[in-house]
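For reference, the structure is listed below as structure tokens.
All figures in this text were calculated on a predicted structure; none of them were measured in a lab.
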Amino acid sequence: MSTYSLAIHGGAGTILRSQMTAEKEAAYKAGLARAVAAGEDVLRQDGTAMDAVTAAVCALEDEPLFNAGRGAVFTTEGAQEMDACVMDGRDRSAGAVAGIFGPRNPVRVARAVMETTPHVLLIGPMALQIARDAGLPFEERDYFFTQARWDALQETMEMRRKGQESDDPARRHGTVGAVARDRAGNLAAATSTGGMTAKLPGRVGDTPLPGAGTFAENATCAVSGTGHGEVFIRYTAGSEIAARMRFLGQSLDEAAQHVVMKDLHDHDGSGGVIAIAHDGSISMPFNCEGMYRGSVREGEAPQVAIYRDA
């Protein structure tokens, strides 16, 4: 048996540092710490990487500060449509859902798709039926409503009526995710999101697309992305990191840095990734002002951070 590693993110495109208060920063870091603890509790007890990333992402989905589950943003029509994905590094098994509303934890629905159907990605009524068949909890609309997300929608729509678009990255993207290596050496990734503030109804980003916003294979790495989803899709960000490791012999950090700081950055792809390699090393590059993130390796103290200097 070897050692475990875990990394989590609560999205890139953070609140601008100039607008961050000490109280808000403490709340975000507490939420990140809870997610790290939820995932590490699984790994410490010899649990699987898949169980660990599921637990960590559930903790983030339950936290209204982050754009997933309870804290999901609103579409132009004032609805919430959630995407999620899981991927198992042992055999590249994957499950995903897109545009769903109702299940408390979309990541658990994605996992149910992987474990109980022959498919990878489900949308619409059948995705919800899979959740019901799995006995997963549902919540009413009030549970998912947060005033801050609603206000952000109103502000964004008012700007558009004036022919303006916000350059605040916190409005453009936000996602949660986790990657892990368990003591058996297996990797897994999970990602969940409410998408972009004021997105068109039916828009699907990179999160539920294996190889784009979520990727895992034991031979190379596990990746969860957060950022401008359309660019992550076009540049297959997750699988590109793995490909650079496999074919160029790059380290995890070299590969992740290139994809985030070159491929994505040079094509309006603001955001970042968290990634874990087959050897348990961790990389968490981002090309915007900040990324809510945390990590832990067996025998070391957990770390959480928002900006480049913590």
Side-chain angles (χ1 to χ4, degrees), residues 1-12 28-71 84-90 93-95 104-112 114-115 136 175-193 207 213-216 218 221-226 238 252 272-284 291-306:
M1 301 294 282
S2 54
T3 59
Y4 62 72
S5 300
L6 171 79
I8 62 105
H9 72 78
Y28 278 109
K29 287 185 173 180
L32 293 170
R34 285 191 291 270
V36 172
E40 186 181 18
D41 284 347
V42 174
L43 296 171
R44 189 185 295 115
Q45 298 175 52
D46 290 335
T48 66
M50 179 58 66
D51 284 344
V53 296
T54 303
V57 169
C58 281
L60 292 163
E61 289 175 333
D62 291 344
E63 173 52 68
L65 288 171
F66 302 112
N67 178 18
R70 194 173 189 183
C85 182
V86 298
M87 192 163 181
D88 192 325
R90 293 176 297 181
S93 293
R104 179 187 182 105
N105 295 111
V107 71
R108 296 181 67 189
V109 189
R111 184 168 177 177
M114 179 182 72
E115 295 178 340
L136 300 180
T175 311
V176 306
V179 291
R181 179 190 192 274
D182 60 33
R183 283 176 174 155
N186 295 315
L187 305 182
T191 316
S192 180
T193 187
T207 290
T214 309
F215 184 78
N218 281 1
C221 60
V223 181
S224 176
T226 169
L252 174 71
V273 303
I274 55 170
I276 281 183
H278 53 87
D279 64 0
S281 58
I282 296 172
S283 181
M284 298 187 287
M291 180 170 74
Y292 303 109
R293 63 200 187 277
S295 64
V296 66
R297 299 182 68 177
E298 185 164 7
E300 299 178 7
Q303 304 289 325
V304 297
I306 300 176

Is a donor on one side and an acceptor on the other found under 3.5 Å between the side chain of [X] and the backbone of [Y]?
X: Ser5; Y: Arg297; answer: no
X: Glu61; Y: Val107; answer: yes
X: Thr175; Y: Thr193; answer: no
X: Asp182; Y: Ala49; answer: yes
X: Gln45; Y: Gly47; answer: no

Is the closest side-chain heavy-atom distance between [X] and [Y] below 4.5 Å?
X: Arg104; Y: Asp62; result: yes
X: Ser295; Y: Glu300; result: no
X: Asn186; Y: Thr48; result: no
X: Ile274; Y: Met291; result: yes
X: Ile276; Y: Leu187; result: yes

Would you name the heavy atoms of [X] and [Y] that are closest together and state the gap between them?
X: Leu60; Y: Gly177; value: CD1-O, 4.0 Å
X: Gly10; Y: Phe66; value: O-CD2, 3.4 Å
X: Ser2; Y: Arg181; value: OG-NH1, 2.8 Å

### Message
Taking the basic N atoms (NZ, or NE/NH1/NH2) and the acidic carboxylate oxygens, is any pair closer than 4.0 Å for Glu298 and Arg183?
### Response
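Yes, charged N to carboxylate O under 4.0 Å.
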### Carboxylate-amine/guanidinium contact Arg111 Asp88, below 4.0 Å
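A salt bridge is absent here (no side-chain N lies under 4.0 Å from a carboxylate O).
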### Message
Angle between ring planes, Tyr292 versus Tyr28, binned at 30° and 60°: parallel, tilted or perpendicular?
### Response
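Ring orientation of Tyr292 relative to Tyr28: parallel.
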### Query
Rounded to the nearest 0.5 Å, how far does CG of Asp51 lie from CG of Leu43?
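Leu43 atom CG to Asp51 atom CG measures 9.0 Å (nearest 0.5 Å).
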